[in-house]
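All ligand and atom numbering here is 1-based and tracks the order in the structure.
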Amino acid sequence: MQIRIDEARLQRELAALATFTTAEPVASGTSVTRVVFSPEDVRARAWLKALATEAGFTIREDAVGNTFFRWAGTQPDLPAVATGSHIDAIPHAGMYDGTVGVLGGLEAMRALKRSGLQPRRSIELVLLTSEEPTRFGIGCLGSRLIAGTLDPLRADALQDLEGQSLASLRATAGFTGELASVRLHPGHYHAWVELHIEQGPLLEHEHIPLGIVTSIAAPAGYRFTITGFGGHAGALLMPDRKDALCAAAELILAIERHTLATGAIDTVATVGTCDVHPGAVNSVPSRVTLQLDIRDTDPDRRERVMQAVRADCEDLRHRRGVTITEELVNADAPAQCSPHILATLQSVCTEAAAPFKKMVSRAYHDSLFMARIAPIAMLFIPCRNGVSHRPDEYAAPADIALGTRILAATLAKLASE
Ligand code: HGY
Ligand code: MN
Ligand code: MN
């Protein structure tokens, strides 16, 4: 079977998808902002559905907007083989994160169809809703609901910064029905394989075009609210202040210190947002909210960092007279990829004489949750300087085409089982 990837068309479609954005053009690359259920997200979804319809695939949308593009196999009742990713993009992101897996998956299915393949198992491309935590503070909403790891009522009550709930936003976007109906159960899929840019420097640095992911690190998210005693920046004397931002600064540095102290390269932590109240230059901050993103391939080691941070919070409460509350947003387990799918990917790469490297994914992906209901694996392609979540994110057309071709051959093998 000869699998020919239409590289030029794939590039055109990636460029077209990047136009569904609110980001201003920048000189450093293609800046994309496409927040879930925004008008540009809704338009991008419609554009993608038109492409899939043109390719002859059937379409199903679930109650949260996960969208399933299906190519029926000769034995359609067998559990399907699936691939997919996301098209939502954080503010001022690049144009390849997630989209390579969705448009690469679409082109892989089209290429297999062009090759004359009649898959035994159906092959399904899945567009997963809200992989990024931008709007609702928690990532992988669509795949969490598929996996049953997020309570549907809690999910529908999630709100964005304007106080709009997931329930209302998904309804406005045209997605109705009970969120509980999103759940898929183990056995629903025969296999899941996600194509994604590495979002790190290793493949490019080692001049290797493909990464076969063996495990996905476990992310956890926490929200800390520090409340002190603020007031007039001139009249409130220093001994009378309980400056919430100074306390937050100590907490942020403590998080960095305890993360580095593990000595493990796989333990990473970032305080990515810091909301200061009242946020006026001449007013002593009385309240600060921090969002912490901490990850590790070892969840116990991640928890030990959190214990050390909590001890420092206790010290800050006493020394600075502030209150500090901690809210758990998510604390997920890592995912191990399926030995069988890893072996399949490896054999496809070997047959294609395509060099590959086995590696850990430190970024999380929808595959982290699809692993709860199906055997999974991920296939990485290099990205320039390891840059991601920035407009200068870049993946070479040849790398995207190779990743798509390996994905296609892997899907074909798995669909024949
Ligand atoms: O943050 C992540 O790992 C993913 O890109 N959402
Ligand atoms: Mn991302
Ligand atoms: Mn991604």
Side-chain angles (χ1 to χ4, degrees), residues 14 17-18 21 23 29-36 41 44 66 83-105 125-144 150 192-203 211 213 215-222 266-273 291-297 299 302 329-335 359-371 376-383 386-395 400 403 407:
L14 283 164
L17 182 49
T21 176
T30 303
S31 185
V32 179
T33 299
R34 189 167 51 240
V35 177
V36 66
D41 177 46
N66 295 319
T83 186
S85 195
H86 64 99
I87 62 167
D88 61 319
I90 72 169
H92 313 295
M95 62 180 276
Y96 299 98
D97 174 8
T99 57
V100 162
V102 173
L103 292 175
L125 170 67
V126 187
L127 161 60
L128 290 151
T129 286
S130 198
E131 191 270 353
E132 298 292 3
T134 310
R135 189 151 203 179
F136 298 104
I138 182 170
C140 299
L141 266 184
S143 49
R144 287 175 192 272
L150 177 61
W192 164 272
V193 186
E194 180 174 3
L195 174 65
H196 204 285
I197 56 172
E198 179 197 343
Q199 297 179 303
L202 301 181
L203 291 176
V213 174
S215 66
I216 303 171
Y222 297 87
D266 285 344
T267 315
V268 292
T270 307
V271 173
T273 67
Q291 289 192 87
L292 165 61
D293 175 320
I294 179 170
R295 311 181 190 196
D296 202 325
T297 51
R302 183 186 72 196
V329 177
N330 63 288
D332 301 301
M359 59 199 297
V360 166
S361 173
R362 294 195 176 89
Y364 63 72
H365 302 280
D366 289 307
S367 295
L368 181 68
F369 300 98
M370 298 307 280
I376 69 144
M378 290 191 74
L379 182 63
F380 277 173
I381 61 168
C383 49
V387 160
S388 182
H389 283 190
R390 282 178 11 193
D392 52 337
E393 178 184 272
Y394 177 79
I400 296 170
L407 174 67

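By the side chain to side chain donor-acceptor pair (under 3.5 Å) test, Arg34 pairs with no residue at all, sequence neighbours left out. Under the rule for a side chain to side chain contact (heavy atoms under 4.5 Å, CB included), the partners of Ser215 that lie at least two apart in sequence or sit in another chain are Gln336, Val360.
The tally of protein N/O/S atoms under 2.8 Å from the Mn ion (ligand 2) stands at 3.
Just one of Asp366, Ile216, Val193, Val213 meets the side-chain contact (heavy atoms from CB on, under 4.5 Å) condition when paired with Ile376; it is Ile216. The side-chain contact (heavy atoms from CB on, under 4.5 Å) with Phe380 is formed by just one residue from the set Glu194, Gln199, His196; it is His196.
Between Ser130 and Phe136, the shortest heavy-atom distance links the atoms OG-CD1, 4.2 Å. In plain terms, the two heavy atoms of Ala218 and Asp332 that are nearest each other are CB-O, 2.9 Å.
When the N, O or S atoms of His196 are ranked by distance to the Mn ion (ligand 3), NE2 comes first.
Inspection of the Asp97 and His389 side chains reveals an N or O donor paired with an N or O acceptor under 3.5 Å. Looking only at atom types and distance, the side chain of Thr270 has no donor-acceptor partner in the side chain of Asp293 under 3.5 Å away.
A salt bridge does not link Arg135 with Asp88: every distance from a Lys NZ or Arg NE/NH1/NH2 to an Asp or Glu carboxylate oxygen is 4.0 Å or more.
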Quick one: do Leu150 and Phe369 satisfy side chain to side chain contact (heavy atoms under 4.5 Å, CB included)? Show the steps, please.
CA-CA 10 Å; Leu150 177 61; Phe369 300 98; over 6 Å; no
Please tabulate, line by line, the atom pairs linking an N/O of ligand 1 to a protein N/O at a distance below 3.5 Å, with the distance in Å to 0.1, or answer 'none'.
unit_1   : atom_1 : unit_2 : atom_2 : d
ligand 1 : 1 (O)  : Arg295 : NH2    : 2.8
ligand 1 : 3 (O)  : Arg295 : NH1    : 2.6
ligand 1 : 3 (O)  : Arg295 : NH2    : 3.4
ligand 1 : 3 (O)  : Tyr364 : N      : 2.9
ligand 1 : 5 (O)  : His389 : NE2    : 3.2
ligand 1 : 6 (N)  : Glu131 : OE1    : 3.1
ligand 1 : 6 (N)  : Glu131 : OE2    : 3.1
ligand 1 : 6 (N)  : Glu132 : OE1    : 2.9

